[in-house]
Amino acid sequence: MANRTDPAAKSIRGTNPQNLVEKILRSKIYQNTYWKEQCFGLTAETLVDKAMELDHLGGTYGGNRKPTPFMCLVMKMLQIQPEKEIVIEFIKNEDYKYVRVLGAFYLRLTGTDVDVYRYLEPLYNDYRKLRRKLADGQFTLTHVDEVIDELLTKDYSCDIALPRVKRRWNLESLGSLEPRRSALEEDFEEEEEKEDNDQPADELEDRAYEKDYYRGRDRDRDRDRDRDRERDRDRYRLREEKDYGREREGRERDRRDRDRDRGRRRSRSRSRSRSKDRKDYDGGDYRKRHARSSASPRRHGDGHEDDEPKKKKEKKEKKEKKDDGTDHPDPEIAEANKLRAALGLKPLKV
């Protein structure tokens, strides 16, 4: 409930106002201690007190990218969606510079193109110093007019993608905005009037022509710069789309290769199982031969089965030699037994 958008809030640019902040940053804000303790239950009136306590601005910092209190309050304004008059009072506040920057940042996210230029461009004349927290947690010095220039000319600010707005010269050509008038232009005009009073008419015409020429050239230069930015942005977007397409094609190619290798392994295993089944089916001869060979592995050994008959034969011959009495200890009896053996008679055992 604490993270839901106010039911009475209107959609901004066709979506929930909180969706103007990326999901990752949004989840980090919801988990932040400042959001849970200081931003719970804030309203449009009590939010001013928290904004007056700000002493720096920034997006996220540190290794785990913690959001700053400034970013938490921006998120809270998107959640409760204060009235436009309250936001304008934030911007017009000259006593608290961080309240002014907070209102300008919120208006840049949610305001129309005309309101963005109408209320933010006057802040170019505010040169007060601001403390900004960088991504590494260190602080740097900036100014209000620099922050406003970043909001009007850059695509990102405080780790948030800014919605695109029309170029000023387009709005001027449509009649939605009047040509921008600098706060220092009155002083320049007074000095020019003093100089014009001291110069002849011809020089006045030349100066007027020169002034119009330089103004037109500056306007053309601004338009060219805006067109170059648009072209660079489109080129960068096309490059990102091409890189993403190449990466997707590479992933698809790798997946096809893996599927092809998996199919080959399956076909090999199937062919092996089929060949095995075919051998087992051939009348049982292979299985019988395999059983016989496995039951008597010594027949396929290193020739020990041929030595066994020879050993038996030699033992039998030795036994027969012992039985004929030729090895009798008495030489005479042994000699007689040899003769008896030759005649086929039984040996003497005395």
Are Val147 and Leu134 connected, step by step, through hydrophobic side chains (Ile, Leu, Val, Met, Phe, Trp, Tyr) whose heavy atoms are closer than 4.5 Å?
no
So, taking the atom named NZ in Lys50 and the one named SG in Cys72, what distance separates them when rounded to the nearest 0.5 Å?
11.5 Å
Tell me whether Trp169 is reachable from Tyr117 by hopping between hydrophobic residues (I, L, V, M, F, W, Y) whose side-chain heavy atoms are closer than 4.5 Å.
no
Exercise: identify the closest heavy-atom pair between Cys158 and Glu150:
N-OE2, 4.2 Å
Over all atoms of both residues, closest heavy-atom pair of Gln81 and Ala9
OE1-CA, 3.1 Å
Before accepting this row, confirm whether a basic side-chain N of the pair Arg167/Glu172 lies closer than 4.0 Å to the acidic partner's carboxylate O.
no
Classify the angle between the aromatic ring planes of Tyr30 and Trp35 as parallel (below 30°), tilted (30 to 60°) or perpendicular (above 60°).
tilted
What about Leu162 and Tyr119, same hydrophobic cluster or not, with Ile/Leu/Val/Met/Phe/Trp/Tyr joined at side-chain heavy-atom distances under 4.5 Å?
yes
Separation of Asp113 CG from Arg168 CZ (nearest 0.5 Å):
12.0 Å
Should Tyr61 and Leu57 be counted in the same cluster of Ile, Leu, Val, Met, Phe, Trp and Tyr side chains packed under 4.5 Å apart?
no
Can you tell me if Tyr34 has over 12 outside heavy atoms packed within less than 6.0 Å of its OH?
yes
Main chain of Tyr106, side chain of Thr110: is a donor-acceptor contact present, judged purely on distance under 3.5 Å?
yes
Between the side chain of Arg108 and the main-chain N/O of Gly103, is any donor-acceptor distance below 3.5 Å?
no
Evaluate the criterion ring-ring contact (aromatic ring centres under 6.0 Å, His included) for residue pair Phe139 and His56; output intermediate values, then yes/no.
CA-CA 9 Å; Phe139 289 95; His56 66 278; 5.3 Å; yes
Donor-acceptor contact below 3.5 Å, side chain Lys166 vs main chain Val114
no
Evaluate the salt bridge (charged side-chain N to carboxylate O under 4.0 Å, His left out) criterion for residues Arg258 and Asp261: first the C-alpha distance (whole Å), next the side-chain angles of each, then the deciding distance (0.1 Å), finally the verdict.
CA-CA 5 Å; Arg258 289 195 300 269; Asp261 295 339; over 6 Å; no
Between Thr5 and Gln79, do the side chains contain a donor N or O and an acceptor N or O under 3.5 Å apart?
no
Does a donor on one side chain and an acceptor on the other come within less than 3.5 Å for Tyr98 and Asp55?
no
Once rounded to the nearest 0.5 Å, what's the spacing between atom CG of Leu109 and atom CD1 of Ile160?
5.5 Å
Sidechain-backbone polar pair: Lys133 side chain, Gly58 backbone, donor-acceptor under 3.5 Å:
no
What I want to find out is whether Asp259 reaches Arg262 closely enough, with some N-O distance under 4.0 Å, to be called a salt bridge.
yes
Asn16 side chain to Asn19 main-chain N or O, any donor-acceptor pair under 3.5 Å?
no
Within this structure, what is the CG-CD distance for the pair Asp254 and Glu249, rounded to the nearest 0.5 Å?
12.0 Å
Counting only heavy atoms not in Glu252, do more than 12 sit closer than 6.0 Å to its CD atom?
yes
Considering non-hydrogen atoms only, spot the tightest contact between Val48 and Ala44 and give its length.
CG2-O, 3.7 Å
Any side-chain to backbone donor/acceptor pair from Arg26 onto Met75? Under 3.5 Å, distance only.
no
Ion pair Lys84/Asp115, N-O distance below 4.0 Å:
yes
If you group Ile, Leu, Val, Met, Phe, Trp and Tyr by side-chain heavy-atom gaps below 4.5 Å, do Leu130 and Met52 land in one group?
yes
Do Tyr127 and Val144 have side chains that approach each other closer than 4.5 Å (heavy atoms only, starting at C-beta)?
no
Can you check whether Thr140's main-chain N or O pairs, donor with acceptor, with Arg132's side chain at less than 3.5 Å?
no
Could you walk me through whether Arg118 and Glu178 pass salt bridge (charged side-chain N to carboxylate O under 4.0 Å, His left out), step by step?
CA-CA 10 Å; Arg118 180 177 298 168; Glu178 298 180 356; over 6 Å; no
Let's go through Ile80 and Thr43 carefully: what are the C-alpha distance in whole Å and the side-chain angles of both, what is the deciding distance for side-chain contact (heavy atoms from CB on, under 4.5 Å) to 0.1 Å, and is it a yes or a no?
CA-CA 7 Å; Ile80 63 179; Thr43 61; 5.6 Å; no
Nearest heavy-atom neighbours spanning Gly111 and Arg13:
O-NH2, 3.0 Å
Keeping Thr68 on the side-chain end and Thr60 on the backbone end, is there a donor-acceptor pair under 3.5 Å?
no
Ion pair Lys97/Asp126, N-O distance below 4.0 Å
no
